[in-house]
Asks: 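After the structure tokens below, expect a handful of questions from me.
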Amino acid sequence: MCGITVRVGDGDAVAELLGGLENLEYRGYDSAGIALQNDVGVSIVKREGRLDHLREELDSGSLHGSIGIGHTRWSTHGPPTDENAHPHTDCTGEIAVVHNGIIENYRELREELQADGHVFTSETDTEVIPHLIESGREEGLSPERAFRRAVDVLEGSYAIAAIVDGTDAVFATRQGSPLVLGRGAQKYFLASDIPAFLEHTDEVVYLKDGDVVRVETEGYTVTNVDGEVVTREVERVDWSPEDVGKAGYDHYMLKEIHEQPTALRQTVRGRVDSLSNDVDLEAFPPGTFSGIDRIHLVAMGTSTHAAMYAESLLTENGVDAGSYLAGEYATAPPPAGPCTLVIAVSQSGETADTLAAVRSIQGTDVRTLAVTNVVGSSLTRECDGSVFIRAGPEIGVAATKTFSSQVLTLSVLAERLVRDITGHSIENTGSFFEALSRMPGDVQRLLDDSSARSLAEKYLGSDAYFFIGRNSCYPVALEGALKFKEITYEHAEGFAASELKHGPLALVTSETPVFAIFSGGDDDTKTLSNVKEVQARGAPVVAVASNSSREAIEQADDVLLIPDTHPVLSGVLANVQLQLVAYHAANELGRAIDKPRNLAKSVTVE
Ligand code: M6R
């Protein structure tokens, strides 16, 4: 997972390339570099480490040029060093390339090129690309033909941008990795994601797999795999530049936690009608899913927890549903047929494991549906249909607002599925729609009153942190633990409340606080028994509960209060409290909250 930026146009490109890389740092941040086309040829600066290292190097003002390519890296082949940082060049230094993705046949290509006398200076798969272009140039091909021929022999997933000395253009392509073109005033951009250039333009062109684009100051041309000129629609995005800034918060994660009321309002807007007692899911009118008798939900990480949440909601309402880790599903898919619907849940829509799960059933008669935040993402192109969670851009590596929006989107979708498949309705279980509509306000009240910060401080320094819940609160226990471990680096584990006594109880001591999540429903009684079990071993218990769970509140050592809601939605509110606990604990520990070590926002390798 890496980030690419390209800038072509009047004026100097350095500041805009760096700005773009800063907005893409969430895609990878172990090294960065830029290459510029200028009157002395192709100039490159690249540095291991955070973008600041590159910025310091460029502060001397030695580098100029109006056409440039930039890259922020998250290593897949070779450690993060200056040599392995992008851009990579050919033997002459006249061709520079940035790349996101993986070239699967790079070993064979590298051997062939070395046999022809090419000298490699890095351990990356990327470096074969400039050498392949160089070979084409040596045979007399134009830069564009040489680029196209190089791309033709690559296997794998990639987005690539290249500059060639003496040519005032950037050549770029994509295959399985994202690449978007931005059209500004007298300048053009290419990037792995829109925030890279959003402060310069909101006009975007989503390139398709196999497209090759030539970008010059005067304009751009897109050609397809066969080399024919094609028209790709220019679309306007409604994200503002402020949407991708920190807006006064110390971290993107905290900003995104506080954006949840707005995000959830967008998620449910127009989709839930408590007056007509129905849901409206754009392209999926009533009856869309009749004939489906089994749902497979596939996802990774936080999105898996949202998928599990939906699984619980569906099964509780009579629909045969199962959630699977997409990476496992891809290699060992369970039986599926024409009556199976596979729902792929992914914030980015670019997670390689999730795409692999969808690809594993492509060409069969299984129907696929993407639930994602990113319009135009690979997942939306590979699935039969898409439902958008409408959470807005999420920059912090730790998923927060997108989990809440995923759960609400899946809840609306679950209502459509339950109605189409069983003829019943979740709404009949009692004010479900009203609870969905009230959710943005409930989250706001919770954020205004949360005592998560003092609680996080109180338990700082514990040996480990455990999270337990039942039914739809079980995935929230897993998500609470995931959030805690990924940004605090402390040991945190989530369990089904029923599972604790089957082994994990051996770990419970007075130094292991247990966060117990209560739904306010019938399952509270059993979770309360589990709470007593851990208290008997000396563990302090934090109940995450609403006033409906009175007994739990009285029994617990500490409480994180959530507003009363429909029991199947309590988990969404409980999760917001747990996001805040994780955030404040990590902040106290001085962790790199928005960019935790070893992690990237979107994992585009399997
Ligand atoms: O973009 P996706 O939702 O497909 O990403 C899946 C996981 O990599 C992601 O949810 C990850 O677990 C989160 N960053 C954790 O906070």
Side-chain angles (χ1 to χ4, degrees), residues 1 3 20 22-29 72 74 178 180 191-199 204 237-268 299-307 309 344-351 354 370-380 386-410 440 443 447 479 482-483 486-487 572 575-576 578-580 582-583 586 592-596 599-604:
M1 161 91 169
E22 198 170 302
N23 289 331
L24 289 185
E25 251 194 311
Y26 71 91
R27 298 181 62 85
Y29 37 81
T72 176
W74 186 64
V180 195
S192 307
D193 201 356
I194 297 164
F197 54 69
L198 193 56
E199 62 191 278
V204 306
V237 289
D238 58 5
W239 298 354
S240 69
E242 295 75 54
D243 283 341
V244 291
K246 282 195 216 152
Y249 288 96
D250 288 344
H251 298 94
Y252 281 111
M253 181 182 176
L254 190 59
K255 171 181 174 250
E256 286 154 7
I257 289 173
H258 282 270
E259 280 173 350
Q260 287 178 107
T262 310
L264 294 179
R265 225 163 265 128
Q266 284 169 191
T267 299
V268 292
M300 296 306 287
T302 293
S303 296
T304 308
H305 303 146
Y309 206 118
V345 187
S346 169
Q347 185 284 127
S348 60
E350 301 294 347
T351 298
T354 310
V371 174
T372 182
N373 196 26
V374 182
V375 179
S377 58
S378 302
L379 198 63
T380 61
S386 304
V387 180
F388 296 102
I389 66 168
R390 304 176 182 164
E394 187 175 72
I395 306 297
V397 164
T400 52
K401 63 175 179 173
T402 54
F403 173 81
S404 302
S405 288
Q406 282 173 335
V407 172
L408 255 62
T409 307
L410 287 164
V443 173
L447 290 170
E479 176 59 11
L482 175 65
K483 213 81 328 174
E486 74 176 326
I487 60 167
V572 178
N575 187 58
V576 177
L578 297 179
Q579 291 169 351
L580 288 167
Y583 172 81
I593 292 179
D594 286 329
K595 294 166 190 159
L599 302 180
K601 180 68 181 160
S602 169
V603 184
T604 53

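Atom set for the values below is all heavy atoms of this structure, side chains included, hydrogens, waters and symmetry mates excluded.
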Asks: Can you confirm whether Leu198 sits close enough to Asn23 that some side-chain heavy atom of one is under 4.5 Å from a side-chain heavy atom of the other?
Replies: no
Asks: Report the C-alpha separation of Tyr583 and Ile257 in whole Å, then their side-chain angles, then the decisive distance to 0.1 Å, and conclude whether the side-chain contact (heavy atoms from CB on, under 4.5 Å) test is met.
Replies: CA-CA 9 Å; Tyr583 172 81; Ile257 289 173; 4.2 Å; yes
Asks: For the residue pair Asp594 and Tyr252, what are the closest heavy atoms and their distance?
Replies: OD2-N, 2.7 Å
Asks: Write down the atom of Gly349, the atom of Thr372, and the distance for their closest heavy-atom approach.
Replies: N-OG1, 3.5 Å
Asks: Assess the side chains of Gln260 and Thr400: does a donor N or O sit below 3.5 Å from an acceptor N or O?
Replies: no
Asks: For residues Met253 and Ala398, report the shortest heavy-atom separation together with the two atoms involved.
Replies: SD-CB, 4.1 Å
Asks: Indicate the atoms forming the closest heavy-atom contact of Ala196 with Ala191, along with that distance.
Replies: CB-CB, 3.5 Å
Asks: Any idea which heavy atoms bring Gly392 and Asn373 closest together, and the distance?
Replies: O-ND2, 2.8 Å
Asks: Strictly distance-based, threshold 3.5 Å: is any side-chain N or O of Glu256 a donor or acceptor partner for the main-chain N or O of Ile395?
Replies: yes
Asks: Quiz question: by atom type and distance under 3.5 Å, do the side chains of Thr302 and Glu479 form a donor-acceptor pair?
Replies: yes
Asks: Can you confirm whether Phe403 sits close enough to Asn575 that some side-chain heavy atom of one is under 4.5 Å from a side-chain heavy atom of the other?
Replies: yes
Asks: Counting distance only, does the side-chain N/O of Thr402 pair as donor-acceptor with the main-chain N or O of Ala399 below 3.5 Å?
Replies: no
Asks: Search all heavy atoms of Ile487 against all heavy atoms of Ala586 and return the closest pair with its distance.
Replies: O-CB, 3.3 Å
Asks: Check each of Gln406, Glu259, Gln347, His258 against Lys401 using the side chain to side chain donor-acceptor pair (under 3.5 Å) test, and report the only one that passes.
Replies: Glu259
Asks: Are His305 and Lys483 side-chain neighbours, meaning at least one heavy-atom pair lies under 4.5 Å?
Replies: no
Asks: Are the side chains of Leu580 and Leu447 in touch, meaning some heavy atoms are under 4.5 Å apart?
Replies: yes
Asks: Rounded to the nearest 0.5 Å, what separates atom CG in Asp193 from atom NZ in Lys601?
Replies: 10.5 Å
Asks: Do the side chain of Thr354 and the main chain of Ala299 share a donor and acceptor less than 3.5 angstrom apart?
Replies: no
Asks: Sub-3.5 Å donor-acceptor pair from the side chain of Thr351 to the main-chain atoms of Val603, do we have one?
Replies: no
Asks: Taking atom types as modelled, find out whether Ser602 and Glu350 have a side-chain donor-acceptor pair closer than 3.5 angstrom.
Replies: no
